[in-house]
Student: 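Here it is, the structure, as structure tokens.
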Amino acid sequence: MGFAELCEKYDCDKESTHRYGDAYDILLRGLADSPSTKILEIGIYKGAGLRVLKELFPTATIYAIDIDPEAVGLAPDGVTAIRGNQNDPDFLTNLAGLAGPFDLIIDDGSHMIRHQKQSFETLWPFVTVGGLYVIEDLESSLLRASKYNPSGEETTLNR
């Protein structure tokens, strides 16, 4: 089953809202499913994205972080879910030092460019050679003076 079909199965907005299925099918094609494969997803929300990853990579070690303790509780069995702030470089460095390096990191967290930037700058050194770092929802930072970009100053266009 492909990424889009699994998103439908688990009611995951990565396909229904964003239409990421085809892109993920291409990106993830070369990622091996083995006990040594490590994945980190930033942002848990309702856990649907993690269910998709768990089915795509049943033997991989999957970690997830979220600032919301209720979201942490929604992670599926077999996923190590940790409460933490994606904008905290000390937290991210400690996590990556203990759990990394990662073959895949997906940032589906706050959607705020300053958080996306902080997470990327902190975690990029912990991505394996040939690994992937995916930042979802970049379009939200294009919305000047929105809840994702309250200052209206930084956007993906000027960074």
Student: Under a single-linkage definition using a 4.5 Å side-chain heavy-atom cutoff for Ile, Leu, Val, Met, Phe, Trp and Tyr, are Ile82 and Phe102 assigned to the same hydrophobic cluster?
Tutor: yes

Student: How would you list, by chain and number, every residue that makes a ring-ring contact (aromatic ring centres under 6.0 Å, His included) with Tyr133, sequence neighbours excluded?
Tutor: Phe120

Student: Measure the spacing between CG of Asp107 and CD1 of Ile42 and express it to the nearest 0.5 Å.
Tutor: 4.0 Å

Student: Identify the two heavy atoms, one from Phe126 and one from Ala96, that lie closest to each other, and give their separation to 0.1 Å.
Tutor: CG-CB, 3.3 Å

Student: I need the Ser119 OG to Ile65 CD1 distance, nearest 0.5 Å.
Tutor: 6.5 Å

Student: What distance do Thr93 atom OG1 and Leu98 atom CG have between them, rounded to the nearest 0.5 Å?
Tutor: 11.0 Å

Student: Write down the atom of Gln118, the atom of Gln86, and the distance for their closest heavy-atom approach.
Tutor: CG-O, 4.3 Å

Student: Closest approach of Pro125 and Glu121, non-hydrogen atoms and distance?
Tutor: CD-O, 3.7 Å

Student: Out of curiosity, Ile62 CD1 to Ile106 CD1, how far, rounded to the nearest 0.5 Å?
Tutor: 9.0 Å

Student: Atom CD1 of Ile39 and atom OH of Tyr63: how far apart are they, to the nearest 0.5 Å?
Tutor: 11.5 Å

Student: Mind listing the closest non-hydrogen atom pair of Ala81 and Ile44 along with its distance?
Tutor: CB-CD1, 4.0 Å

Student: Would you mind listing every salt bridge (Lys or Arg N to Asp or Glu O under 4.0 Å) that reaches into residues 58-79, with sequence neighbours excluded?
Tutor: none

Student: Heavy atoms only: give me the nearest Val52-Cys12 pair and the separation to one decimal.
Tutor: CG2-CB, 4.2 Å

Student: Indicate, with yes or no, if Val79 and Ile67 share a hydrophobic cluster defined by side-chain heavy-atom contacts under 4.5 Å among Ile, Leu, Val, Met, Phe, Trp and Tyr.
Tutor: no

Student: Working to the nearest 0.5 angstrom, can you tell me the gap between Leu6 CG and Phe3 CZ?
Tutor: 8.0 Å

Student: So Val134 and Leu104, side-chain contact (heavy atoms from CB on, under 4.5 Å) or not? Walk me through it.
Tutor: CA-CA 8 Å; Val134 178; Leu104 172 64; 4.2 Å; yes

Student: Please tell me if the side chains of Leu132 and Leu28 come closer than 4.5 Å, counting only heavy atoms from C-beta onward.
Tutor: yes

Student: Minimum heavy-atom separation for Gln116 to Glu136, with atom names?
Tutor: NE2-O, 3.3 Å

Student: Please list all pairs passing the salt bridge (Lys or Arg N to Asp or Glu O under 4.0 Å) test where one or both residues lie in residues 78-91, with sequence neighbours left out.
Tutor: none

Student: Could you tell me whether the side chain of Asp108 reaches within less than 4.5 Å of the side chain of Asp137, counting heavy atoms only?
Tutor: yes

Student: Do Phe91 and Asn85 come close enough that some side-chain heavy atom pair is under 4.5 Å?
Tutor: no

Student: Is there a continuous path of hydrophobic side-chain contacts, each under 4.5 Å between heavy atoms, that joins Ile26 to Leu31?
Tutor: no

